[in-house]
Protein chains: 2
Amino acid sequence: MTLLDSIVMQGLGRHGALTAEDKTLLLDLELNPRRAAAGEVLWQESADVDLFCVVKEGWAYSYRNLGNGSMQILKVYLPGDIIGMRDFGFARRLAGVAMINDGVISPFTHQQLFELIGRSPALAAGIIATVVRQQAMLTERLVYLGRYAAHERLAHFLYELYLRLKRIGAVAENGFLMPLSQEQIGDALGLSAVHVSRTFSMLRDEGLVVRDRQHVVLPDPQALARLVEFNDTYIDETLSSAFHGFH
Amino acid sequence: MTLLDSIVMQGLGRHGALTAEDKTLLLDLELNPRRAAAGEVLWQESADVDLFCVVKEGWAYSYRNLGNGSMQILKVYLPGDIIGMRDFGFARRLAGVAMINDGVISPFTHQQLFELIGRSPALAAGIIATVVRQQAMLTERLVYLGRYAAHERLAHFLYELYLRLKRIGAVAENGFLMPLSQEQIGDALGLSAVHVSRTFSMLRDEGLVVRDRQHVVLPDPQALARLVEFNDTYIDETLSSAFHGFH
DNA sequence: AGAGATTCATAACGCAGGTTATAGACGAGA
DNA sequence: TCTCGTCTATAACCTGCGTTATGAATCTCT
């Protein structure tokens, strides 16, 4: 799991050839890795925007604390993801970010990001693509919050994680580790922790999800995908050819 | 309402001086205006991505049609907004777009957008800012879908429209025209049309919203804002200084 | 190894909001 | 002016999910 540095390159660079300089620029982003403990808050809402991070190990999530005492988790970050792009261009953080479990992150500065954009059109395009893809994932979540029932939300959530983890080689025999508590899952899906538990039981009874603490197995991923009519365009879609021309 | 062409410039250019050439580039985007009738579908989900549009008159919305027969409205577009940025970088539309009422739109091509980005770093930065701001509005909606009750969702929705319309001078004496049906509002807020009606009645009884068909008045906008703890950072926040340095 | 804190499963109960139904108000077109 | 279709208001009824509670299992710290 330590060679995930390259995942960023895969994610950003798949659609166009990266030059050796591009690769150097990318690797430079990861020169300052540090450990981050479970629960550590990387930054709070409204903090100044100074850093972005590459997640190298562990999971993180971005969230909003609400006036009514509840929390909404906006996105779960996996190894290889870039944290903080949400705030790109803003002076203040729109959401807080915290680690879910112990991990390693590589912070880099606003400054570094601007330089990278200035030096490599290919990477600039890739970064825009990253932002747009994140927006697409957010949209997908929004649709599920607005119009689907609890079991569909949970199934969709698990299947999305499954696909994303598979991309980075963190799935074995349809199983993966999921360090999120049911409370946190509820905060992501707009459900109470109790109902998340109920819903897990339901999916278990239907043979769709087997779970033992943090270990999750999807015995039949296709069945899950059918249940949620999973639209994976937003995860795997290739960029348009017009976009390539931009490089 | 016909001079709204300039709104795009206001929205993108407020944070940095635009050169005369920048302005020309922007005006070039609006050379081909055409009428669009209420209900007209500008494009469907999964269609090829070819065009973007500036809305010059009228309202539009982007939406997803779901397998369970319902619809989720993702965003309402007002005069001066750019439609289609959601799909920037994708080969296929992630969402359909339709007109709410009669209006005028100015389509421009992928090609034009790329040229504009290539020629003017200031405009490129502005466009990224537009995308990020849209993402922020989407996030705000997501939070409300996940963690707030019907009356809070509706109040927030109305107040956001109020602010956006005020920016473009479409509010008079705290009142504005809202061409959305209650069914459409429900599709945006993840509620049934019946419950939207109930909730309007509730807000009316509390003196927060007066409504007669399409005419809406917010007698005390501040009271509404308090109800929803409105966070207008994402609408008005100035860009970070680092971002300015990028121009 | 023991104590306290977290997490999870399941049950009981209540309510916000979905669904269906009905009737009035309004708008477009003949 | 009449008709038909769309939109809205309100009522009656039902259910999915929130809330609260309890006990068991697991983790953490010493």
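What you are looking at is a predicted structure, and each value in this text was computed from that prediction instead of being measured. Here is the naming used below: chain letters follow the sequence lines, and residue numbers restart at 1 for every chain.
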With sugar-phosphate meaning primed atoms plus P, OP1 and OP2, does B:Thr199 contact a base, only sugar-phosphate, or nothing at under 4.0 Å between heavy atoms?
nothing
Walking along DNA chain C from 5' to 3', note the first and the last nucleotide with an atom under 4.0 Å from a heavy atom of chain A, and give both.
C:dC8 to C:dA12
Test your reading of the model: is there a side-chain donor-acceptor pair from A:Arg35 to the backbone of A:Asp102, 3.5 Å cut-off?
no
So, OP1 or OP2 of D:dT10: does either fall under 4.0 Å of a side-chain N or O from B:Ser201?
yes
Is the ring pair A:Phe52/A:Phe88 parallel, tilted or perpendicular, if the boundaries are 30 and 60 degrees?
tilted
For the residue pair A:Phe176 and A:Tyr162, categorise the inter-ring angle as parallel (less than 30°), tilted (30 to 60°) or perpendicular (more than 60°).
tilted
Between A:His195 and A:Arg213, whichever has its closest DNA chain D nucleotide further toward 5' is A:His195
Hey, can you pull the residues of residues 173-193 of chain B with a non-hydrogen atom under 4.0 angstrom from DNA chain D?
B:Ser181, B:Gln182
Chi angles and distances behind the side-chain hydrogen bond (donor to acceptor under 3.5 Å, both in side chains) call for B:Arg204, B:Ser201
CA-CA 5 Å; B:Arg204 175 197 358 103; B:Ser201 302; 3.1 Å; yes
Kindly state each residue pair satisfying side chain to side chain donor-acceptor pair (under 3.5 Å) with at least one member in residues 66-75 of chain A, sequence neighbours excluded.
A:Asn68-A:Ser70
Just the rounded figure in Å: distance from P of D:dA21 to CZ of A:Arg198.
15 Å
Short question: side chain of A:Asn101, backbone of A:Trp59 - any donor-acceptor pair under 3.5 Å?
yes
Can you classify the ring geometry of A:Tyr61 versus A:Tyr63 as parallel (below 30°), tilted (30 to 60°) or perpendicular (above 60°)?
tilted
Once you apply a heavy-atom cut-off of 4.0 Å, does A:Arg211 come out as touching a base, just sugar-phosphate, or nothing?
sugar-phosphate
Sugar-phosphate only, base, or nothing, as touched by B:Arg147 at under 4.0 Å among non-hydrogen atoms
nothing
Please classify the nucleic acid contact of B:Arg153 as base, sugar-phosphate, or nothing, using heavy-atom distances under 4.0 Å.
nothing
From CD1 (A:Ile105) to CD1 (A:Ile83), nearest 0.5 Å
6.5 Å
